[in-house]
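Since the structure comes first, as structure tokens, the remarks are kept for the end.
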Amino acid sequence: GKILDLTIGIGSALFHMQGDPADEFYALSVRGPNIDCSASDKITGIPIDKACAGDDKAKLFPRPDFVPSIVKVKLIDDGTFVTTEWIPLKDAAGKTITGLSNPLKAAKTEAAFDKDGRQLPFDPNGLDTEGLVRLKHGTFWIGEEYGPSLVHVGADGKIIERLVPQGLEGDLSGATYKVTGALPAILMKRQLNRGIEGLAVAPDESALYTIVQNPLANPDADAYKTATATRILKLDLKSRQVVGEYVYTLDPAESFKNDTSDKQSDVRISELTAVGVDKLIVLERIARTTKLHAIDVSAATNILGTDWDKEGTPPSLDQIDAADLVAKGITPVSKKLWLDSSTYPELPEKVEGVAIVDGKQLILINDDDFGIEGAKTRIVRLTMPSAAF
């Protein structure tokens, strides 16, 4: 095998708390260093049959003991940053959790192997952490891919509650924190590793907004591969109930100029940031191109609880061409392009976190994939684009 010089990746999300100093942010690690077993030979030098028992759908976890964490960072005048606080995630009893795969039956899951090729046990507490916001009273919400789920976390890192798609809570009965089936059941049809990444909170903290990274695999993966319609959820923070579900249409793969992909499934959402109630910034990307779109969900059709939330609806939302949505009675959210990184070659690739400071500065952070394949993490300041709405 090879020696991997791993880093600790914290570029999965970025959040700025209103009222905090302009140089202080909250960032988020993902589940820990992991490698697609199909790429094991290339990255580790260990053939897949030895690394992952030949399972090309599994993940290799070089450090299965890694604890997903919330990280406070401070920007330095020389253009770098330092971490000033680490908040490891813990169960209700205060024991740290892992980022290992969940034991799911109602939704797809993936086997995990350690660096010696031993299969790791599934962990009902495991989280694939991707999106982050902090509330004024000090607690956090995290967007998570495995469920997919929304996770309420105390200021001390203890998990208060995990909201999962209705019907999935039984698979997580072994978790040592509270699990509630509160999200639409249809989200269990998410493609593996295409769950919830973006998370935003309304400025008045009345609601959380989250988005599924890609269209669902509904009824199957063939639909996911070509689909352009994904779902934004609005969660009322007082009732903890989903009150809105809206359709967001992804840009064509060919429009991401620094990438050469024509595969629509390569286009994904990695971040949400709120600039007002129902007014959001969406980060849409492939690998080398990042776009920011300003969206307004207030005039979009609320499909929550309709036939589009039923698994057996023919055709499914994911089988409908974007041009035919209105004919089906669905008005998607409006979009306005705010930034396209293909015109700014100095910006990092694989940007996954976006924060706004005082309505004047746009702050971007990239994910370095724990040093396995990604570029070194950078935090970049930009002047806010002109009014988007």
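Keep in mind that what you see is a predicted model, and the values were worked out from it rather than measured.
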Any residue meeting salt bridge (Lys or Arg N to Asp or Glu O under 4.0 Å) with K189, in chain and number order, not counting sequence neighbours = E311
[X] side chain to [Y] main-chain N or O, any donor-acceptor pair under 3.5 Å?
X	Y	answer
E169	L172	no
T306	L304	no
S101	T109	no
D369	P33	no
S341	T289	no
S316	T313	no
S239	Q241	yes
D20	E24	no
N102	L104	no
D171	A106	yes

My understanding is that a hydrophobic cluster links ILVMFWY residues whose side chain heavy atoms are under 4.5 Å apart, including indirect links. Using that, what else belongs to the cluster containing [X]?
X	value
F61	L100, L120, Y146
I3	none
W308	V247, I303, L317, I320, L325, I330

Side chains of [X] and [Y]: donor-acceptor distance under 3.5 Å anywhere?
X	Y	value
R240	H152	yes
T226	Q264	no
S334	D296	no
Y209	D278	yes
Y248	E284	yes
S12	E130	yes
D91	T176	yes
H16	D358	no
D340	T343	no
R162	Y177	yes
R288	N258	no
S261	D266	yes

Ion pair [X]/[Y], N-O distance below 4.0 Å:
X	Y	answer
R63	D65	yes
E110	K59	no
R285	E271	no
R194	E145	no
D368	K376	no

inquiry  = Does L4 form a side chain to side chain contact (heavy atoms under 4.5 Å, CB included) with F370? I'd like the steps, not just the answer.
reply    = CA-CA 10 Å; L4 296 182; F370 290 83; over 6 Å; no
[X] and [Y]: which non-hydrogen atoms are nearest, and at how many Å?
X	Y	answer
L187	P165	CB-CG, 3.9 Å
C52	F113	O-CZ, 3.4 Å
I232	I211	CG1-CD1, 3.6 Å
P184	D309	CB-OD2, 4.2 Å
E349	A287	CB-O, 3.7 Å
T139	G154	CG2-CA, 4.2 Å

Verdict with supporting geometry, Y224 and N214, side chain to side chain contact (heavy atoms under 4.5 Å, CB included) = CA-CA 8 Å; Y224 150 81; N214 281 76; 3.8 Å; yes
Would a single hydrophobic cluster contain both [Y] and [X], if residues Ile, Leu, Val, Met, Phe, Trp and Tyr are joined by side-chain heavy-atom contacts under 4.5 Å?
X	Y	value
V380	V351	yes
L127	L132	yes
I48	L60	no
I356	L75	no
L233	V277	no

request  = Walk me through it: do K234 and T210 pass the test side-chain hydrogen bond (donor to acceptor under 3.5 Å, both in side chains)?
outcome  = CA-CA 7 Å; K234 181 178 181 179; T210 190; over 6 Å; no
key: Ring centre gap for F15 and F140 strictly below 6.0 Å   = no
query = Are F81 and F25 an aromatic pair by the rule of ring centers under 6.0 Å?
reply = no
Going by heavy atoms in the side chains, are [X] and [Y] under 4.5 Å from each other?
X	Y	value
V164	V179	yes
L135	L237	yes
Y26	I70	yes
K291	S255	yes

Nearest 0.5 angstrom please: [X] [atom1] to [Y] [atom2], how far?
X	Y	atom1	atom2	value
Q319	N218	CD	CG	7.0 Å
T377	D367	OG1	CG	6.5 Å
I365	L28	CD1	CG	10.0 Å

Pairs touching residues 202-229 that satisfy salt bridge (Lys or Arg N to Asp or Glu O under 4.0 Å), sequence neighbours left out = D222-K225
query = Tell me, which pairs form a salt bridge (Lys or Arg N to Asp or Glu O under 4.0 Å) where one or both residues lie in residues 253-265, sequence neighbours left out?
reply = none
CA sep, side-chain torsions, deciding dist, call: W141, V201, side chain to side chain contact (heavy atoms under 4.5 Å, CB included) = CA-CA 9 Å; W141 281 89; V201 62; over 6 Å; no
task = Walk me through it: do T83 and I10 pass the test side chain to side chain contact (heavy atoms under 4.5 Å, CB included)?
result = CA-CA 10 Å; T83 63; I10 62 167; 4.1 Å; yes
inquiry  = Around atom NZ of K335, are there more than 12 heavy atoms from other residues, nucleotides or ligands closer than 6.0 Å?
reply    = yes
message = Check this for me: Q18, atom CD, are more than 12 non-hydrogen atoms of other residues, nucleotides or ligands nearer than 6.0 Å?
response = no
